Amino acid sequence: MKVYITSLILAVLSISGLIAQPIKIDLSALQSSKPWAATEQWEPKPPKVTPGMFTLAPSDAIVLFDGKDLDAWHKPKYGYGTRMDEVESIIKWKADHPENSAAEWIVKDGQMIVKPGAGAIETNLAFGDVQLHIEWLAPVDPGKESQGYSNSGIFLMGMYELQVLNSYENETYSNGQAGSMYKQLIPLVNASRPPGEWQSYDIVFTAPRFNEDGTLKSPATITVFHNGLLIQNHAVLKGPCVYIGTPYYFKHPEKLPLLLQDHGNKVRFRNIWIREL
Ligand code: MG
């Protein structure tokens with residue numbers, strides 16, 4: 001009886017127009033006109049890449065160190081400059097003198113270890129815009145402090161330094177701690193792990209562009225994740241990272257080797273891969 005009464009009420013309301021009738025969609029007409037297809041973009045297709053598992057190199061990366069040897073590296077005659085005039089003359093010298101010697105850093109237990117006094121090492125290949133993954137470990141070194149505690153550096157194009165340092169409870173100037181673009185850009189947060197533990201940097205670097213006359217077209221920019229945390233967000237560089245003086249841009253080649261710093265500390269590296277952008 002209850003169902004009968006409900007149906008009766010609904011029928012009366014429907015006839016009287018008090019219940020809105022559902023909008024009728026002509027599905028067959030919609031299928032033939034396909035209005036949704038107008039906003040589908042099918043080309044270009046992004047290249048298919050097999051992703052790495054966690055930190056393993058993806059299929060399209062250039063592996064710079066896989067734990068076995070230093071074949072992708074050499075020792076440059078001159079490493080990096082500490083003042084702008086040095087930086088300029090070293091970069092110029094490198095362009096005219098491609099000769100280099102074998103990298104002398106230590107390879108042990110799947111790691112490459114800075115050999116203090118052996119000098120910087122740099123890649124045989126030159127790079128411009130890149131995505132770079134690199135893992136590093138600042139060794140425990142009691143008694144050391146500030147810039148002296150497990151210092152190294154990742155010099156993009158041999159002159160734009162992302163600092164490597166023990167910055168876990170080790171005070172130093174903010175624009176010189178781990179994750180800083182040395183003496184230019186302070187990291188957004190301190191994502192440092194304690195010394196003796198492995199850490200990672202994931203970097204997106206855009207090289208500067210220059211006009212024909214040598215003037216700057218667009219500055220270098222960098223994005224960095226330190227142990228998965230964003231610490232540099234498309235940050236703009238003022239020029240090469242120098243120890244002394246004010247940086248400025250000078251026209252240099254579109255691609256230059258990646259350099260790792262020997263700052264006298266036995267900093268370790270592993271699992272280094274790079275993708276050209
Ligand atoms: Mg350094």
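The analysis underlying the following values was restricted to heavy atoms, covering all of them including side chains, and did not include hydrogens, waters or symmetry mates. Both counts, for ligands and for their atoms, begin at 1 and track the order of listing. Keep in mind it's a predicted model, so treat the numbers as computed, not measured.
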Next on the checklist: With a cut-off of 2.8 Å, does Ser152 put an N/O/S atom close enough to the Mg ion (ligand 1)?
Outcome noted: yes
Next on the checklist: Below 2.8 Å, can you find an N, O or S atom of Gln147 next to the Mg ion (ligand 1)?
Outcome noted: no
Checklist entry - With no hydrogens and no angle check, do the side chains of Arg268 and Gln111 hold a donor and an acceptor under 3.5 Å apart? => result yes
Checklist entry - Can the ring centres of Tyr160 and Phe205 be said to be less than 6.0 Å apart? => result yes
Checklist entry - Among pairs that include at least one residue of residues 106-133, which meet ring-ring contact (aromatic ring centres under 6.0 Å, His included), considering only residues two or more places apart or in two chains? => result His133-Trp273
Item to check | Carboxylate-amine/guanidinium contact Asp262 Lys115, below 4.0 Å | outcome: no
Checklist outcome for this item: So the angle subtended at the Mg ion (ligand 1) by Gln163 atom OE1 and Glu161 atom OE2, rounded to 10 degrees, is 80°
